[in-house]
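Please read all numbers here as calculations on a predicted model, not as lab measurements. Letters A, B, ... mirror the listed sequences (proteins, then strands); counts begin at 1.
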Amino acid sequence: MLIFEHTTQGRKNIAQAPVVNGEVNDIPAELRRTKSAPLPELSELQVVRHYTRLSQKNFSIDTHFYPLGSCTMKYNPRACNSLAMLPGFLSRHPLAPEKFSQGFMACMYELQEMLCEVTGMSGFSLTPMAGAQGEFAGVAMIRAYHDAKKDFDRKEILVPNAAHGTNPATATMCGYTVKEIPTLDNGDVDLDALKQAVGPQTAGLMLTNPSTLGVFERRIEEIAKTVHQAGGLLYYDGANLNAILGKIRPGDMGFDVIHSNLHKTFSTPHGGGGPGSGAIGVSERLKPFLPLPMVTKENEGYRWLTEKDCPQTIGRLSAFMGNAGVLLRAYIYMRMLGKDGMQRVAEFATLNANYMMAQLKNKGFDVAIPERRASHEFIVTLKKQAKELNVTAMDFAKRLLDLGYHAPTTYFPLLIPECLLIEPTETEARESLDGFIEAMLQIQSEAENDAEFVKGAPYTMPVKRLDEVRAAKQLDLSWVNQS
Amino acid sequence: MFRLGLVINPLAGIGGSVALKGSDGTETVKAAYQLGARPRAQDRTASALEQIQPYRDQIKIYTAANAMGEDLCRQMGFDVELVSHHIPDETSADDTEACVGQLLAQGIDLLLFAGGDGTARNVFHVMQENNQDQMLPVIGVPAGCKIHSAVYAVTPKHAGELLALIIKGRPLAVQEAAVMDIDEAAFRDDRVRAKLYGQLHVPAESQYMQNMKDGGVEHEALVLQDIAAYINETMDDDVLYFMGSGSTPKAIMDELGLESTLLGVDLVENQQLVASDVNEKQILSFLKNGKPAKIILTIIGGQGHLFGRGNQQFSSEVIRKIGKENIIIIATPEKLHALNGQPVRVDTGDEKLNDELCGMIQIITGYDQHTLYKIG
Amino acid sequence: MPFIPHTEDEICDMLSVIGADSIEQLFDEIPQHLRIKSLQGVPQGLNEMEVSRLMQSRAAEDGQPVCFMGAGSYDHHIPAAVWQITTRGEYYTAYTPYQAEASQGTLQLIYEFQSMMTALTAMDVSNASLYDGASALSEAVLMAVRGNRKSKSRRILVPTNVNPVYRSATKSIVHHQNIELVDVEFDTATGQTTLDALKAYEGEDFAAVVISQPTFFGTLEQVDALTDWAHANGAMLIAVVNPTSLSLLKPPGEWGEQGADIACGDGQPLGAPMSSGGPYYGFMCCKKAHVRQMPGRIVGRTVDQDEKEGFVLTLQAREQHIRRSKATSNICTNQGLVVTASTIYMSLLGPQGLEKVAIACHQNTNQLIEKLSAIKGVDVLFKGSVFHEVVLKLNKPVADVLNALAEKNILGGYDLSNDYPQLDNALLVCATEMRTDEEIDRYAQVLSEIL
């Protein structure tokens, strides 16, 4: 039932609303609302019960193993939440003078510094509010860099064909055209094709390493050299930073720009789809172009950098400074891990992924690139099952839900047919990994014996498979406008 | 037979090798020659054409004499027909424009041109004058010094590869691509800025647009819904829309909330049903007063027919009256792939019209998604 | 090893399954010479007790001044239940609801959120939210360029009384696509956008006109006339609105003859703490005819195989065509968790509670105006009524006054001198429902002492 359907007209929560005396009579009638908004009217208990019950219809990291590839669904420590929500942080107005902001700014400054260190970059701006916005900032800086050099001929961004769809969209937003670079069967970028494609028109290359195929790009130095020699810059999509944290740094690989998804690597919550954070780091030559605001340290105090300090900045991307509360959570997480804890992230994320890959391979599942090491994630392809049993990756995914596991990422990357992209993360204990492998085996045997049964899954969720065609055809997007 | 139009700007790129900006103007060209520069347009076009050499017997190239295309094509063993015979030793923008004009008059499936931003502007200019800028697909072979225009493929080889895919019958997406050139006014102010002159339609081989992390399975019914919504949103007022038979056009009628005749032709104007299940005679009478009209139809049957199967109402006379440019073809990508690269067929009963309808067409395959395909 | 559960035995077992000698060996595909030994610049880890101590002292450092500042972030009461439920693990640690069957909680909640936003704005449809108010405006601008079929223009009319940082962020985001924001100056007497100012552009092609209600100055626009002007000139109307005000003010769906085409704004006032500027969320609503041009996630209600009600992400192909379109956006995510808080906030307050919040803000601000403008050296800059913010003109440089107020633990408002150098000594102040009579009196008293 919808919250609107629990409404009883006239019911109100007196405790929640302010006391109001008198009427408003100084606002002209033609600017006033005439009918009150059709919002729900319930008691506090009814509201609490409704949303508590709704929450129970969700899978979450706190309730289920969530091996969603390329999303890094690791444990979100509770301390990060409760400390980021201390009243002093919550009640700070974003435009409060620096006098009332030193504690918060100290956290932000140290976060900038730590991010520089772990990525090998020279400067960081925390303002982008999601990975996609970080990407935008990064490519906009590449453009600002070439423009500042009056090098206006660079109008192309190169993107491997295994890349996430946001990469080309971002390039387009920045006024670039996109050229795809093919990927070899072993997961590496086709270097010959890259060499052919670069030239005086190349503004930059956007790359994820390890790639979306879950393997480390071994010839990264040669790639960097190729792009740099052509005068282009190298963009690192930080989606897979968890795999290499503390082991190798994008800056040392030759990257000029990186966005870091703090909601992945640094364990800020995904919140049912945001807020994320796409903090953006750059090498020395791109520093003047970083988006504002940033924090700097002067005489033991902190102050905001503004357009006066950074005249070449690409500007502001949000009303204030991005998702500050998310940044605080990432800061706390990083302080708790410390230098050693961070290195172990990559180690155990990689151990878990390789273990699962080995087990699944041993039990007869096809792995996309079996001859390679897995990074923090790997791909199982169910091409065989789809062809022989007519059971697809989607069917496996849905049946996994019944068995108490959130599905891995399905049908991404598109280069691999019927794929499951599996990322266990470092915080999962071996029991979870083994349980998942058992579940995969159970589904395999169900598929062999009764494919229709698997195709009908899930059976134990609050709903069965939903009619997406009806959802699109008979658009019902608001209860208010339906009834 | 694939009718490929080709224009080479023989002087393209000559300035670049000796660090002159562009090759515009005879003075620049002279200066470049004196500095020892050699043009590179022939070599570059050759690396594009190499990619389609294996399909020579399926291609006829229409081009201009000598260095503007003829020499290279003959050298590479292509079947050539000249649209212009007299080319001066030193060509200019006028020659490019004249040649493009003749190619358009000739009727071609796709225009391949080699040059730089100036050449792209010449092409755009002529196509715009001939109202072809929204219709005829083009591919640019980058050979000039200034390549700001997105109509150029990233490399000559890449241009050839795209062409080969089209000739093999692969359905390719069509995108609007910018024709850019240095903004002369800004240039004189010592600011170098590329200015947008217009858009041409280029084929693109692209897989990356789909990004949903979950849901690689595009439900055909959802795609159909997208097509219907797009057509519905882009329908012009006061235009007669003759909706062909089949379930794809019917999805549009559903979206409009109108009753439809599954195996007949319905007439819609201003989102309202004007007539149901009309025959040829009725269609012609609706067309009498010269109102603009369009046909919306899909590919029918296993052989992929556009006309002549279950829609004989669209007689040759009707089609001629409405005009090739007013035929909107819609189909889901699944349906196109099922044709396995076979061209869409037309059988209007009028051989001459059939011939006229042949060529590359843009099929609407999603919301604002256009796919290049061949009628043959 | 914080948050890593493996025992030594398990590590050995797992390595033997893999066939590797050590964890180190798992990194053998990474060129050795590029590897780093340690992260020198990162301090040693802290345990929970240590990090708590650190964060508590940092939080305490910032003090909690009495807030008379608005300018895009507002100090409202948030019922205790809002964040207690929002931070339940099932909401807090869930991913984007791609697996609909395992995400009905989040999906239904978003559907309810969309419903509530359409209720507040009187628009047809809402998306699942965008990043914040500034990025919502930039997305609205891109959407208008995509969606206005009557106009071929890439120019947008934007009055300068729209939040200046919304304008500058929008410019940063859209200018690479050759989209131009054209300034329209406000009337210096009223702070409003006048029809006369718009008439200078009559006959020119614009994709959209942006109107902010209330304006950044707190003043109220003549929304009906401005909306009708936009439509008469073939432009779409983008409304930037404060959601708290919508219980009191005419919703954008009812502006003028046809209503606004797109309504957007920042959702922070509906249950998100000021929290140094985020996370907030941007909301966006539009007419149904434009739904396929709207960016962001959208949830629809449908049924499952057994005809049981359920919720899914719908119109997903939009994301792809928006990426190919003539005004591209790369946005993927929403601000789900803050939307969760907001939905609970709106449910708890209900229509009457929200209206009371709006009225209390308005009345407190009027009271503040009355008290402050009685001080010598303080004038109200613009005539006409306001919602919950007002521009005061002081007889001294605002920065000095704000510093002096800060000494007395008062956050006195927002100095407009950087954004509007033409306005001398102008201060933007705000009093939400949180400000008590005593606080307002104290502000007046301290200010009169300073001046």
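- Of the N and O atoms on the side chains of Tyr92(C) and Asp62(A), not one donor lies less than 3.5 Å from an acceptor on the other residue.
- Ile36(C) touches chain A through backbone and side chain together, each having a heavy atom under 4.5 Å away.
- The side-chain heavy atoms of Ser347(C) and Phe4(A), taken from C-beta on, include no pair separated by under 4.5 Å.
- At a 4.5 Å heavy-atom cutoff, the contact between Ser247(C) and chain A is made by backbone atoms alone.
- The part of Glu23(A) that comes within reach of chain C is its backbone (N, CA, C, O), which places non-hydrogen atoms under 4.5 angstrom from that chain.
- The pair Glu101(C)-Lys464(A) does not meet the salt-bridge criterion, since no charged nitrogen lies less than 4.0 angstrom from a carboxylate oxygen.
- Only the side chain of Asn366(C) comes within less than 4.5 Å of a heavy atom in chain A; its backbone stays farther off.
- Of the possible donor and acceptor atoms, one in the side chain of Asp62(C) sits under 3.5 Å from a partner among the backbone N and O of Gln102(A).
- In this structure, chain A has heavy atoms under 4.5 Å from both the backbone and the side chain of Gln56(C).
- A side-chain N or O of Tyr111(C) and one of Asp476(A) form a donor-acceptor pair less than 3.5 Å apart.
- Only the side chain of Thr63(A) comes within contact range of chain C, with at least one heavy atom under 4.5 Å from a heavy atom of that chain.
- No part of Tyr281(C) comes within reach of chain A, as not one of its non-hydrogen atoms sits under 4.5 angstrom from that chain.
- Salt bridge annotation for Arg465(A)-Asp304(C): absent, with no cationic side-chain nitrogen under 4.0 angstrom from a carboxylate oxygen.
- Side-chain N/O atoms of Glu112(C) and His50(A) include a donor and acceptor closer than 3.5 Å.
- Checking Gln335(C) against Asn323(A) by side-chain atom types alone, a donor-acceptor pair falls below 3.5 Å.
- Residues Tyr51(A) and Gln108(C) have side chains that never bring a donor and an acceptor to within less than 3.5 angstrom of each other.
- Between the side chains of Ser478(A) and Thr118(C), at least one donor-acceptor pair of N or O atoms lies under 3.5 Å.
- For the residue pair Ser276(C) / Arg92(A), a side-chain donor-acceptor distance below 3.5 Å is found, with atom types taken as modelled.
- For Gln40(C), the parts lying under 4.5 angstrom from a heavy atom of chain A are both the backbone and the side chain.
- For Leu411(C), the part lying under 4.5 angstrom from a heavy atom of chain A is the side chain only.
- Contact of Val339(C) with chain A is not made at all, since no heavy-atom distance falls under 4.5 Å.
- A donor-acceptor contact closer than 3.5 angstrom is absent between the side chains of Ser385(C) and Asp26(A).
- Interface residue Asn352(A): backbone and side-chain heavy atoms are both found under 4.5 Å from chain C.
- Between Asp13(C) and Arg430(A) there is a salt bridge, since a side-chain N of the basic residue sits under 4.0 Å from a carboxylate O of the acidic one.
- With a 4.5 angstrom heavy-atom cutoff, Ile322(C) does not touch chain A via any of its atoms.
- Using a 4.5 Å cut-off between heavy atoms, Ser57(C) does not touch chain A at all.
- For Tyr166(C), the part sitting under 4.5 Å from any heavy atom of chain A is the side chain, from C-beta outward, and nothing else.
- A donor-acceptor pair under 3.5 Å is formed between the side chain of Thr302(C) and the backbone N or O of Asp467(A).
- If you measure heavy-atom distances from Ser36(A) to chain C, the contacts under 4.5 Å come from the side chain alone.
- Contacts of Leu354(C) with chain A are made by side-chain atoms alone, with heavy-atom separations under 4.5 Å and no backbone atom involved.
- Between Lys250(C) and Glu30(A), no side-chain nitrogen of the basic residue sits less than 4.0 Å from a carboxylate oxygen of the acidic one, so the salt-bridge criterion is not met.
- Only the side chain of Asp306(C) comes within contact range of chain A, with at least one heavy atom under 4.5 Å from a heavy atom of that chain.
- Looking at Tyr91(C), the atoms closer than 4.5 Å to chain A (heavy atoms on both sides) sit in the backbone and in the side chain alike.
- Contact annotation: the side chain of Gln213(C) approaches that of Leu31(A) to within less than 4.5 Å [non-hydrogen atoms, C-beta and beyond].
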